[in-house]
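Note that ligands are numbered from 1 as they come in the structure, with each ligand's atoms numbered from 1 the same way.
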Amino acid sequence: MLKLWKVVRPARQLELHRLILLLIAFSLGSMGFLAYYVSTSPKAKEPLPLPLGDCSSGGAAGPGPVRPPVPPRPPRPPETARTEPVVLVFVESAYSQLGQEIVAILESSRFRYSTELAPGRGDMPTLTDHTRGRYVLVIYENLLKYVNLDAWSRELLDRYCVEYGVGIIGFFRAHEHSLLSAQLKGFPLFLHSNLGLRDYQVNPSAPLLHLTRPSRLEPGPLPGDDWTIFQSNHSTYEPVLLASLRPAESPVPGPVPRRTRLPTVVQDLGLHDGIQRVLFGHGLSFWLHKLVFVDAVAYLTGKRLCLDLDRYILVDIDDIFVGKEGTRMKVADVEALLTTQNKLRTLVPNFTFNLGFSGKFYHTGTEEEDAGDDMLLKHRKEFWWFPHMWSHMQPHLFHNRSVLADQMRLNKQFALEHGIPTDLGYAVAPHHSGVYPIHTQLYEAWKSVWGIQVTSTEEYPHLRPARYRRGFIHNGIMVLPRQTCGLFTHTIFYNEYPGGSRELDRSIRGGELFLTVLLNPISIFMTHLSNYGNDRLGLYTFESLVRFLQCWTRLRLQTLPPVPLARKYFELFPQERSPLWQNPCDDKRHKDIWSKEKTCDRLPKFLIVGPQKTGTTAIHFFLSLHPAVTSSFPSPSTFEEIQFFNGPNYHKGIDWYMDFFPVPSNASTDFLFEKSATYFDSEVVPRRGAALLPRAKIITVLTNPADRAYSWYQHQRAHGDPAALNYTFYQVISASSQAPLALRSLQNRCLVPGYYSTHLQRWLTYYPSGQLLIVDGQELRTNPAASMESIQKFLGITPFLNYTRTLRFDEDKGFWCQGLEGGKTRCLGKSKGRRYPDMDTESRLFLMDFFRNHNLDLSKLLNRLGQPVPSWLREELQHSSLG
Ligand code: A3P
């Protein structure tokens with residue numbers, strides 16, 4: 001058996017090499033392995049579903065398949081309950097191109113994945129978590145890394161795949177040193193590499209086809225001459241894509257007629273060794289491979305990672321009436337628009353162009369163009385309409401909401417006078433201004449003047465990469481991600497398309513635009529008035545796109561008006577309803593469309609995050625004594641704390657948050673901060689915090705979690721919490737899972753913040769450890785000057801405040817306070833440093849046991865971080881080990 005390995009050989013020996021292998025193959029009697037037969041008989045041409053455009057050119061040259069269709073074998077269902085829906089991708093390096101292409105498709109499809117550098121030998125990542133498989137699918141960027149795994153790792157991976165019903169996708173990328181022909185080690189499969197191919201065809205019998213329309217043929221040469229084809233006579237292999245050798249190519253070994261189509265993508269049905277695989281004889285640079293790759297993922301995961309067939313497309317034509325003279329639509333252009341719309345309606349149910357208007361520019365073109373404006377209005381009922389600003393001004397330039405609303409009213413007046421429908425509930429803002437980053441005034445004015453429910457933007461969370469664009473809901477307005485289609489105000493002539501007209505065609509025929517629709521269930525495209533005058537590139541683009549999509553895919557294209565479309569979007573992606581605010585100054589584009597009246601300097605440099613009852617108010621108070629440190633203003637509604645990141649306040653947006661901070665007199669030396677002690681144990685806060693304040697420092701205070709729980713219980717009693725008043729501390733902490741709801745809820749709030757290591761780990765997934773300070777709450781209480789010194793060092797605050805002189809111990813209070821003149825002190829209020837009976841022994845022992853493992857984990861974490869272990873933790877661990 002030949003093993004695939006790298007052989008360096010001079011180019012002129014290549015043909016000789018192929019000949020020798022041919023002879024070996026024959027002498028070994030491997031005549032039995034045949035190419036997958038798909039005859040090239042021209043008679044078998046299949047009628048095309050569409051008469052026009054790209055599809056007809058592809059189908060016309062296409063011979064149909066003659067191989068009797070293989071009855072589709074249902075894939076062995078992956079054991080849904082037993083694997084996580086996560087793809088394990090073995091890449092060649094962090095920057096390898098194919099690896100990045102694989103990841104880009106998984107990300108665009110919103111599939112979860114994890115990348116690992118493909119181990120040369122050994123070092124297989126952990127595949128199971130107790131009895132659960134960690135991965136639903138394995139992808140090898142380089143198939144050879146899989147077949148050449150050492151025996152132990154290979155056995156481990158294969159056994160995992162068999163036991164958990166997990167499939168493998170592998171890519172064979174030929175290069176100049178690849179063997180020309182060889183058997184894939186351990187498989188009844190032969191590879192022939194470095195071939196030039198032509199006339200690509202989809203095998204209609206391939207079971208994995210889902211989005212891909214079967215039987216299609218792409219005539220002409222395939223890019224490059226480094227293709228690999230697969231040959232086998234084992235029934236486990238089913239071709240997926242096939243192509244013919246280019247006339248100049250020498251034949252591959254075996255009795256294969258020259259015109260036979262040879263498989264470059266095969267599906268291994270698992271009949272050989274119980275593992276299903278899909279093998280690609282090239283990378284993903286060829287567009288059709290991307291399509292088939294998406295199907296392969298769906299098939300091998302039993303459709304757990306699968307895109308639905310429905311695709312909703314909405315085409316906005318922005319700037320109606322706005323274009324410069326000479327670029328606007330004339331009567332004939334409007335007629336063409338209507339004709340294309342009608343044509344598209346036969347392919348895309350309900351297809352309707354959505355026109356965005358700024359009334360101020362009505363009739364500002366040439367005479368012919370003004371007639372075009374009138375023609376649009378004459379046929380206004382045949383389109384959908386949405387308002388822009390009256391004079392196309394950017395909303396973020398209006399700080400005054402009523403002035404902004406007045407501008408909108410002018411446009412509304414124009415719409416009413418001209419009978420333009422005003423009830424579609426959709427609007428967009430020029431240059432995304434005010435949509436994201438949020439300009440609260442815009443949302444309010446939109447709602448009050450127009451009753452807007454939906455808008456769209458390319459800017460959330462950022463323009464690039466486009467695959468990360470998402471939607472969110474703010475102030476009752478659904479914001480949808482908008483996609484780029486490559487048409488801008490200045491792209492008006494086909495031959496002058498940036499990079500050449502082939503760029504546009506490439507984007508449509510399997511490139512970026514095609515992939516956008518393939519991978520996004522809902523696409524809103526923004527085009528401009530100028531794209532429909534002159535060469536009418538808008539019409540050309542969307543008609544060609546729709547035809548190409550229908551030719552090669554089984555996607556069900558359709559259009560919905562904006563409001564139902566937005567509802568559909570958030571039905572599909574409910575997790576996106578809640579936004580994730582970023583710092584507008586971290587993205588130049590965002591900064592440019594953010595009000596000049598607002599400044600990112602009003603965001604805090606550090607947060608004191610809790611947990612509650614550990615001394616956070618004392619730190620807040622002591623820090624506020626520092627001249628360079630400024631706290632947020634107290635919030636009247638949430639016990640002085642802002643509590644922005646963890647609750648409903650977050651949805652009020654960052655303008656609301658920033659209003660709690662003064663504008664610093666010197667942004668580089670002043671330190672703004674806020675303290676909300678409930679942030680520490682919240683699931684959502686670290687992620688939200690890191691999105692808005694990625695460079696913020698985080699301060700947390702830890703005391704013995706048993707004491708913290710007891711202090712919290714006393715705090716609740718002092719605030720008249722009926723559950724805390726009804727139950728003793730011991731009853732609260734020891735309540736069983738059958739206890740009344742109120743008691744269990746109290747128990748949770750009392751104990752869960754004390755799972756220190758769990759919460760810290762969460763913070764550390766979003767913030768680097770160097771940005772996190774853990775203050776010893778015990779030390780803060782007994783020697784606050786020492787704690788304040790380390791806090792100042794950590795924050796890098798100057799000048800250094802000497803707290804040994806600033807603070808004084810107050811005997812009456814029993815705590816450290818601010819020292820005032822005349823021996824007086826200013827201490828924290830009555831609610832801090834309360835007096836209450838000591839905790840009873842039974843509760844103490846119970847909690848010592850309850851928190852033992854959490855405390856142990858905390859000490860391990862602190863060791864790992866190189867942070868000192870506080871004295872209370874050391875004592876606690878000693879006691880519990882003695883106990
Ligand atoms: P008790 O009131 O139960 O004693 P927080 O501010 O995070 O809610 O924490 C309150 C706790 O801070 C108090 O709990 C108290 O033990 C502790 N603390 C530490 N230093 C303090 C100080 N200088 N003054 C008042 N309380 C202080």
Side-chain angles (χ1 to χ4, degrees), residues 606-626 631-632 634-635 638-643 646 673-682 685 698-721 724 729 732-733 749-754 756 759 773-791 801 803-820 824-840 843-844 847 870-872:
F606 68 95
L607 304 176
I608 298 171
V609 298
Q612 286 178 297
K613 310 313 294 173
T614 55
T616 54
T617 318
I619 297 193
H620 180 275
F621 174 52
F622 297 158
L623 275 170
S624 303
L625 302 177
H626 196 296
S631 159
S632 55
S635 162
T638 37
F639 308 105
E640 311 224 318
E641 298 183 339
I642 308 179
Q643 300 192 0
N646 57 329
F673 79 105
E674 69 131 333
K675 180 221 60 143
S676 293
T678 43
Y679 286 169
F680 178 72
D681 51 295
S682 154
V685 172
I698 307 298
I699 296 178
T700 172
V701 194
L702 303 184
T703 54
N704 186 330
D707 293 331
R708 196 216 72 83
Y710 188 53
S711 166
W712 186 85
Y713 168 78
Q714 293 297 345
H715 173 88
Q716 291 304 105
R717 282 175 71 92
H719 279 82
D721 179 334
F729 183 57
V732 173
I733 58 178
R749 286 155 59 222
C750 183
L751 298 179
V752 172
Y756 293 152
H759 304 306
L773 180 72
I774 299 167
V775 175
D776 175 356
Q778 188 63 34
E779 183 195 69
L780 176 73
R781 191 172 167 155
T782 54
N783 183 7
S787 300
M788 296 313 293
E789 187 171 320
S790 44
I791 291 173
L801 185 62
Y803 278 94
T804 38
R805 273 188 248 134
T806 311
L807 305 180
R808 187 174 306 145
F809 190 76
D810 186 307
E811 296 292 344
D812 291 341
K813 175 84 178 170
F815 283 93
W816 288 82
C817 306
Q818 179 189 10
L820 300 176
K824 290 190 185 143
T825 54
R826 187 156 75 101
C827 302
L828 295 185
K830 271 197 242 118
S831 64
K832 306 291 165 184
R834 276 199 188 90
R835 290 179 195 272
Y836 40 79
D838 286 346
M839 193 192 313
D840 62 281
S843 297
R844 171 75 61 193
L847 289 179
S871 51
W872 63 261

Polar-atom distance check: Gly833 versus ligand 1, any N or O pair below 3.5 Å? yes

Trp816 (side chain) donor-acceptor with Thr782 (main chain) under 3.5 angstrom: yes

Mind telling me whether His719 and His715 have parallel, tilted or perpendicular rings, with 30° and 60° as the class edges? tilted

Which ligand 1 atoms, with their elements, are less than 4.0 angstrom from a heavy-atom of Tyr836? 1 (P), 3 (O), 4 (O)

With side chain to side chain contact (heavy atoms under 4.5 Å, CB included) as the test, pick out the partner of Val701 among Val609, Leu780, Leu773, Asp776. Leu780

Pair Asp810 + Arg826: basic N to acidic O under 4.0 Å: no

Check whether any heavy atom of Gln714 sits under 4.0 Å from an atom of ligand 1. no

Within the supplied structure, the quantity of interest is the number of heavy atoms (other residues, nucleotides, ligands) at a distance under 6.0 Å from Glu640 CD; does it exceed 12? no

Give the numbers and elements of all ligand 1 atoms closer than 4.0 Å to a heavy atom of Trp816. 22 (C), 23 (N)

Would Lys813 count as a polar contact of ligand 1, with the cut-off being nitrogen or oxygen pairs under 3.5 Å? no

Parallel, tilted or perpendicular: which describes the rings of Phe680 and Tyr756, with under 30° parallel and over 60° perpendicular? perpendicular

Geometric N/O contact Ser711 with ligand 1, under 3.5 angstrom: yes

Looking only at heavy atoms of Trp712, does any of them come nearer than 4.0 Å to an atom of ligand 1? no

Below the 3.5 angstrom mark, is there an N/O of Leu828, backbone or side chain, next to an N/O of ligand 1? no

Ligand 1 versus Thr617, non-hydrogen atoms closer than 4.0 Å: side chain, backbone, both, neither? both

